[in-house]
Amino acid sequence: MRALLRDNDRITPFELAVLMVIVTLEMGVTTFPRTMTEKVGTESWLIPLPGFLFSLLAVYFLVRLSKLFPGKTFVEYSQEILGSIIGKLFVIIVIAFWVSTSARILRQFADVMKVNLLFRTPIEVIIFSMLLFAAYPARYGIEPMARLAIIVAFVTIPVGLFLFAFVIPQAKFDNLLPVFAQGPLLLLKAGFLSVGSLEGIELLLVLLPFITQPRKSLKASTWALAVLWSIIFIVNGVVLAVFGEKEVMYLLRPGLTIIQTIELPTLFVERLSSVYVATWVALIFPSISMFLFLASTSLAKLFGLKEQKILIYPLTPVIFALAILPSNVLEVENIANFLEQIGVFIIGIMPLFLFLIAKIRKKGGSY
Amino acid sequence: MKRCSYSSSLHMKVKRRLTLLLVIFLFCIGASGCWDRVEIDERAFVLGVAIDLVPPSESHIEPIPGQVPIRDNIYDMTVEIPIVSQMAGAEGGSSEKEPNWVISSTGADITEISRTIMHRANRFLFYGHQKVLVIGEELAKEGIKPIIDFFDREPETNKRVKLIIAERDAKETLKITPKLSSAASLYIFEILEHEHRSSRLIDSNIGRALVSLRESGNALLARVRASEEEVVVGGSAIIKDWKLVGWLGEIETRAAMFVMGEVRGGIITIQDPRAEGGKISLEISSVKRIITPYVEGDDVTFNIEVLIEGDITENTGPNLTVSRETVEIAQERIGVLVKEDIKSIISKVQQEFKADFFLFSHLLAARRPHDWKRLESRWNEIFLKVKLNIDVRVRVRRFGVVR
Amino acid sequence: MVILSDIFSWMKYSYNIGFVFFIIGVGLGSIFLDANQMKSKGLTRESLVSKWIGISYIVISIFLYILVEFII
């Protein structure tokens, strides 16, 4: 195990939690209010409750799986549980998901940058430079990325929430009503589907063997989920309360547009949206690094390579090509919806499924 | 051992050369400059935009062969651009030239006109600091939907841009030279920002107006009228189905704002019945509005409670002193006055305009979702018969430094 | 065939000389930096893989460019 990631291959549970939060907070979060409201109407601000429960279940089964197969990542244990061929297929699906998700994030990021800050820079250049710099830390293993994530987290999240506080006076809480008018089933379903957009949970597929104190990993990831869902709760609730149901569904990225409604008495910072967009730049950077790292590590394990480093840069042209593939924003949104469903399959269904099969076929250790 | 060190030194050499190449490559990218570099003097900051409808007879645009020939609506867009060099000079003393450039152009849609103005001014029009969007009366009667889309879609414009309907031509409002502000747009913007000083005008910005317009197609927007040297901002314009259907006066606007719970200040004056010509003025310091819907079958009733707190600022009753009796009279009479105002505005809206711009529908959908589902399709009829229980309570808190 | 023509039309839009240089850069990096680094760490298999990735990237990128520009 130590030979695989030669140095820097251990992170603390706290670093795991920060990574989970930072990886999930990417451009997709700004569309959450819209996609969730499309599913359940004004109840969308309640989705974090069932969402938290379902994501906690996924995390629980992932941790149990890693206890059954100590020191092994999903690449090894899914092949053991499902058999070599189906297991490999699953691993390849997950790797393809990570590659296309990072392409999706890059593309959404580039579109936002082009619309808000860099009007005439070709998106190829935005994507290329971001990809190149995101690939750089991914070459140096998990530990530097964890440190990077901590720095990013403690700079961007307070700034983002501080800016958000200015929006709250605009909120009209009548917009959050009615609740529970459609019955709980729809809400539960939406909560389950929303697990698909929490990419942070997928870190546990690979990273659990590299935690310094494996016993604390469940607790740490629970905390990460709690922080994540409360951020989503604040964003969703405030956006819905300000815009109301109809306008939220009309806006492309309600989480970004919201910042333009701030009414500060003085005019000293006219264009807060630029500052806000800048915090998003910092937030997507660790996500892309992390997905590159996960994809390359899994690929290396799948082909029995001892070093994941050599696969990072060869993956970048693939991601670049996928990122410039969609012709417009609508296509990007369709791809994002499709990827969310794959995400539900990977983290919503597979952990439970793998765990049950492992129990039935009596694979793994006797935990 | 020797081979190893040889290979590593070779490796170092290759690495160094590649690093050098990379640095040169990155330097080339950096030196070629940023795509998005726009010098500040290449930009024209748009402060205000006014859009009017050109009567079909007056339009003198040649049809461009090959382009869409149907040009049913031709717009006349006027933008106000501050002349930056003049602004710097104006600080020292009065300059002869005008500090702003008001430039108009016509075309079939906003983007097209914007591009025409961009060519005429030879500057990039930058909408990031836009303050007002004034729409002319004739255009508003045709519908404001096609106008707003550009400003909604454009990422530079923020949602705080004031959305205003002008009586008669909108371009006239930008042509005035205000005495104390540097630009007409800023002048109008600031008046609207200080809406709470009188509550007789409505502070409507694009963000909030669009929420209301998308919900129901109805909204209450600010109203301006240009005169020789100033603009009169007061009252409001009623938008129904994205079209202008009428105007509200200043007192009516205040009453409407009481219903919507947006009054934050202003003066209410009543007659003192105990003395000839005696008057009591109350300055509103805070208003709370509580509104609850009740549904029975098809009968919808709204309970509106308005709780007003304020200070007496002027009292010309007997002896010029404020006694317990004065306070009681003021509290009761002001309550009655506000209640009558609210009643008359609601009956006017129900009977004359037949438009639910108070968003009662939204309130019903939020608080009584099951009843709303039943009534939704017939809401336009039901709204006309909505009953109201209005309860206005006033509390006088202070009355200045004399009794 | 429809998918193939879609892929070709997409490539005509997006596959340009800049992308070719990007892939060639990645390939060169794999051959000269990564392969040597792996060799000095004593990982011969990884070194070989890296070298072949580099060579195939360069060949494929140039082949695709010729295909897009001159053949289809």
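Convention: sequence-line order gives letters A, B, ...; per-chain numbering from 1.
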Rounded distance [0.5 Å steps], CG in A:L177 versus CG in B:L363: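 Here the interatomic distance stands at 9.0 Å.
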Listed pairs under 3.5 Å, donor-acceptor, residues 243-252 of chain A side chains, sequence neighbours left out:
from: A:E247; atom 1: OE1; to: B:R214; atom 2: NH1; distance (Å): 2.2
from: A:E247; atom 1: OE2; to: B:R214; atom 2: NH1; distance (Å): 3.1

Taking the side chain as everything from C-beta on, heavy atoms only, tell me whether B:V211 gets closer than 4.5 Å to A:K172.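 Contact flag for B:V211/A:K172 side chains = no.
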Report the residues that fulfil salt bridge (Lys or Arg N to Asp or Glu O under 4.0 Å) with B:R153, sequence neighbours left out, ordered by chain and then residue number.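 With neighbours one apart ignored, the set is B:D149.
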Name the option with the most non-hydrogen atom pairs under 4.5 Å to chain A; the candidates are B:H370, B:R367, B:R368, B:K373.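 Result: the option with the highest number of such pairs is B:R367.
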Intermediate values then yes/no, side-chain contact (heavy atoms from CB on, under 4.5 Å), A:N175 and B:H362: CA-CA 8 Å; A:N175 285 332; B:H362 187 48; 2.6 Å; yes
